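Take a look at the structure set out below.
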Amino acid sequence: MLVLAAVLLTVVWRVAPAASPPIYDGVCAADPYRALGSSTPPSSATKMYGPVTAGSFQTSEVVTTETPPQAQLLLVDGTFVSPEPFTVSITPIAPPGPQPSDGSIDGNVYRILAVTASGKQLNPVDAAHSATLLLRGTGMNPARTMERLDGTTWTGLRTLLAGCGDTFEAATPRLGDFALVVPKQGGGGGGGGGGGSGPPLVPIVIGLVVILLAVTLGLIRLNRSRSG
Amino acid sequence: MSSRGGYPAALTATSAARSGLLLAGLAGAVGLRAAAGGDRVAASTPAALLFVGALLALAGAAGWRPGTLRARHVAAGVLGAAVLVGAWWLGAGARLHPTVGVATLAWWSPVVVAVAVAEEALLRGALFTALQEWRGPQVALAVTSVAFAVMHIPLYGVGAVPLDLAVGLWLGGLRLVTGTWTAPAVAHALADLAGGWL
């Protein structure tokens, strides 16, 4: 049983996203979000690779240095093919002119590029080798959607919540400019705090406390009847 | 008198009720943490401490007690943590995330340990015992492992379910082998600490 569980653990780690936080669980130690133009600017990240043939590119990641990282790019085996060395970079940029039509940008826009020594831009070889991008937002409610700027239009990607709660991930077959977008129905902009509509918290908290008290009393009675 | 698994019927009925109440309580505690944590629940220390209090209250009300700390159980926990950290290192060794500063770790560490210990007190302590009495060790292992995985969804998303399910099975296996909640508690706490200190 223990051997099986240990093997399962190792296997899951091989396929789990890097965003699985503080290894397993616990409270996330998260620094305040670093916005472009603030006194503590966000970091960039670059990684250089040598020439790769089909299938020879090995799993890799490019990660910014915040805690937790505000941008992470996860690349699987065979993602890129290039006869010359290339560099993958993550760079926070000023918001481009076109704005998302379905909401407002939360946090920074990040430019994710893979560029060869001769200036050619690379993309993942095919959809099966899509890159996984994780971006940290300034909050998690409402849930953000990761979008990619395609020319003048922002395209939404299938986005999952990951990491320390305010990190979101999406797979993308193309690199470019990416941002998290707060949907218009969520109310105010992407800044932190309790903006936007949502269920009333105080009654919910009170209700849950009442339920917990009732359950606790029920357990005490059960325990007494058992020992009595 | 009919019995299940060698336990008298009255005991199994009580254990069934206790199991149900503990699971309901766990759901309530997770909901409370999510509600209190607001927009950044996984990073909210007040919500985490509220969660710790709720879990310990539930476990204590169900009759769980810490018991005597024995060296061999602690040793089993340390070995258990070594496997958890080793699996992370072997499986995702290239994915080290940046470490935080020592000042942050100074307050973060006791909070993380408190959360881990409270989760184990309820899951592999009170709930495992109740389920084992009611339906046997396999059901106890399965239910507590699934509960462990599901309870982390509001914090880390569904992406973390496979990993937390595997961890739940490992910690539950430690509980089965050692017969005590101490070993999984030590393993869980050390593995969580490793996430910040390594």
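Everything numeric here is computed off the predicted structure, so don't read it as measured data.
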Quick one: which of A:T64, A:L36, A:V109 gives a side chain to side chain contact (heavy atoms under 4.5 Å, CB included) with A:P92?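 Exactly one option meets the side chain to side chain contact (heavy atoms under 4.5 Å, CB included) with A:P92, and it is A:L36.
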
Given a strict heavy-atom distance threshold of 4.5 Å, which part of B:A54 is in contact with chain A: side chain, backbone, both, or neither? side chain

Measuring heavy-atom distances to chain A, does B:L141 have an atom under 4.5 Å in its side chain, in its backbone, in both, or in neither?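 Only the side chain of B:L141 comes within 4.5 Å of chain A.
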
In terms of heavy-atom pairs under 4.5 Å with chain A, which of B:A24, B:A114, B:A29, B:G37 leads?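 Result: the option with the highest number of such pairs is B:A29.
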
Return the option, out of B:A61, B:G173, B:G63, B:G60, with the maximum number of heavy-atom pairs under 4.5 Å with chain A.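 With the most close heavy-atom pairs to chain A, the winner is B:A61.
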
State plainly whether the residues A:E61 and A:K47 are in salt-bridge range, i.e. N to O under 4.0 Å. no

Using the test salt bridge (charged side-chain N to carboxylate O under 4.0 Å, His left out), find all partners of B:E120 that sit at least two apart in sequence or belong to another chain. B:R124

Name the region of A:I220, side chain, backbone, both or neither, that has any atom closer than 4.5 Å to a heavy atom of chain B.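 For A:I220, backbone and side chain are both near chain B.
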
I'd like to know which of A:L212, A:V209, A:I211, A:L160 tops the heavy-atom pair count under 4.5 Å against chain B.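 The answer is A:L212.
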
Taking only residues at least two apart or on different chains, which pairs with a member in residues 20-70 of chain B satisfy ring-ring contact (aromatic ring centres under 6.0 Å, His included)?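 Listed by first then second residue: B:W64-B:W181.
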
Tell me whether the centres of the aromatic rings in A:Y110 and A:F178 are closer together than 6.0 Å.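 No; A:F178 has its ring centre 6.0 Å or more from that of A:Y110.
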
